[in-house]
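Below is one structure, written out as structure tokens, with a few remarks after it.
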Amino acid sequence: MTQYINLLAYPAGHSISPAFQQAALDHFGLDARYAALSTAADALGDAVDMLRGEDYLGANVTIPHKESVRRHLDALDSWAETLGAVNTIVKQGDRLIGHNTDAYGLLRALREQAGFQPRGRSVLLLGAGGAARAAAFGLCREGIASLTIANRTLERAVDLVTALGKAGPVLAATSMAVEEIAEAVAGADLVVNATSVGMSHGGAAGESPIDVGLLSPGTVVFDMVYTPIESPLIEAARSVGAVGVSGLWMLIYQGAAAFELWTGQDAPVAIMYEAGRSALLSAARPS
Ligand code: NAP
């Protein structure tokens, strides 16, 4: 029996998850299809219920359903609970469990692509949306020494620092306006961009979220943006001798964790990365 994994998103057409998840399923010769399903908000409940059928392994969930999907599920894992958002649904018996593998994806990308161990380090986080929340909680759980969160809308950075404080005894977490970050950049072991600045076709395409003249060679710079694969921030970071890691790695590792939850197999990360990279490059090519 062919088994199915759906991507619940709206719209779903731009995602590269089908390309790299199908490559991983095919690598193991599994009789399974990964399909992107454009799912409007009023169709989400039915789309989740469909996963209860015996030919479904689960689903990925992305914008705009990561938060609203929770009410259709039977239980959440601790990351989905902490982050208030689900990016993966796994069927366990007749129950649908919501997971969130974003923090895992970021931490594994930092470890494997930059050799970065968070414990005791200072981090500057740009952004205060869903992706920043995953980064903040993930890095705090790994024992970073300090976290500075800067965001265009300062109140959202303040709210995220408050949420971190409520979650447990963490480090020195502070918020600041983006105009004031020069000192924080200079003092950071790691700079994470969790804004959409630099993303192709976004409102700030071609831009870097910080003045890269502030970066020093020892800094690790992680950009969640992956269109383009090498963002303006990553290119600039590398040009000053800093280590730059593309958000594509986070996307692949969060997907690898989902793949392992659905199939119980070790994800073929190199194959997934190449499939994801090719899909992005062919989408960027003028038709
Ligand atoms: P979100 O919840 O909508 O948050 C967007 C963030 O970007 C907010 O902090 C927002 O600031 C900031 N922002 C947007 N436009 C800006 C501009 N012109 N100047 C300054 N700041 C701006 O989105 P999200 O889900 O957190 O995603 C953020 C980015 O991470 C996106 O590019 C997304 O594709 C990427 N992402 C990547 C992965 C991955 O696996 N690599 C995973 C998740 C997300 P305000 O609060 O002021 O609006």
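We count ligands from 1, going down the list as the structure has it; atoms in each ligand are counted the same way.
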(message) When you compare the side chains of T2 and D31, does any donor N or O come within less than 3.5 Å of an acceptor on the partner?
(response) yes
(request) Quick one: look up the protein heavy atom nearest atom 20 (C) of ligand 1 and list residue, atom name and how far away it is. (result) V197 CG2, 3.5 Å
(message) Please confirm whether A128 approaches ligand 1 to less than 4.0 Å, judged on its heavy atoms.
(response) yes
(request) Output yes when the distance from some N or O of ligand 1 to some N or O of R152 is under 3.5 Å, and no in every other case. (result) yes
(request) Starting from atom 4 (O) of ligand 1, locate the nearest protein heavy atom and write down its residue, its atom name and how far away it is, to 0.1 Å. (result) G129 CA, 3.6 Å
(message) Less than 4.0 angstrom from a charged side-chain N to a carboxylate O is my criterion; do D74 and K91 meet it?
(response) no
(request) Using non-hydrogen atoms of the residue, decide whether G105 is closer than 4.0 angstrom to ligand 1. (result) no
(message) Give me the nearest non-hydrogen protein atom to atom 29 (C) of ligand 1 as residue plus atom name, then the distance to 0.1 Å.
(response) T195 O, 3.6 Å
(request) Say whether L251, considering both its backbone and side-chain N or O atoms, lies within less than 3.5 Å of an N or O atom on ligand 1. (result) yes
(message) Taking distance alone, with N or O pairs closer than 3.5 Å, would you say M224 contacts ligand 1?
(response) yes
(request) State whether D159 and R133 are salt-bridged, where the test is any N-O pair (Lys NZ or Arg NE/NH1/NH2 against Asp/Glu carboxylate O) under 4.0 Å. (result) no
(message) Test of understanding: given a 4.0 Å heavy-atom threshold, classify the contact between R156 and ligand 1 as side chain, backbone, both, or neither.
(response) side chain
(message) Is it the case that ligand 1 has an N or O less than 3.5 angstrom from some N or O of M250?
(response) no
(message) Looking only at the aromatic ring of each residue, does the gap between the centers of W249 and Y273 stay below 6.0 angstrom?
(response) yes
(message) Give me the residue, atom name and distance of the protein heavy atom closest to atom 14 (C) of ligand 1.
(response) S196 OG, 3.2 Å
(message) Pairs of nitrogen or oxygen atoms closer than 3.5 Å, one from Y226 and one from ligand 1: do any exist?
(response) no
(message) For ligand 1 and N151, I'd like to know whether there is a polar contact (N/O to N/O, distance under 3.5 Å).
(response) yes
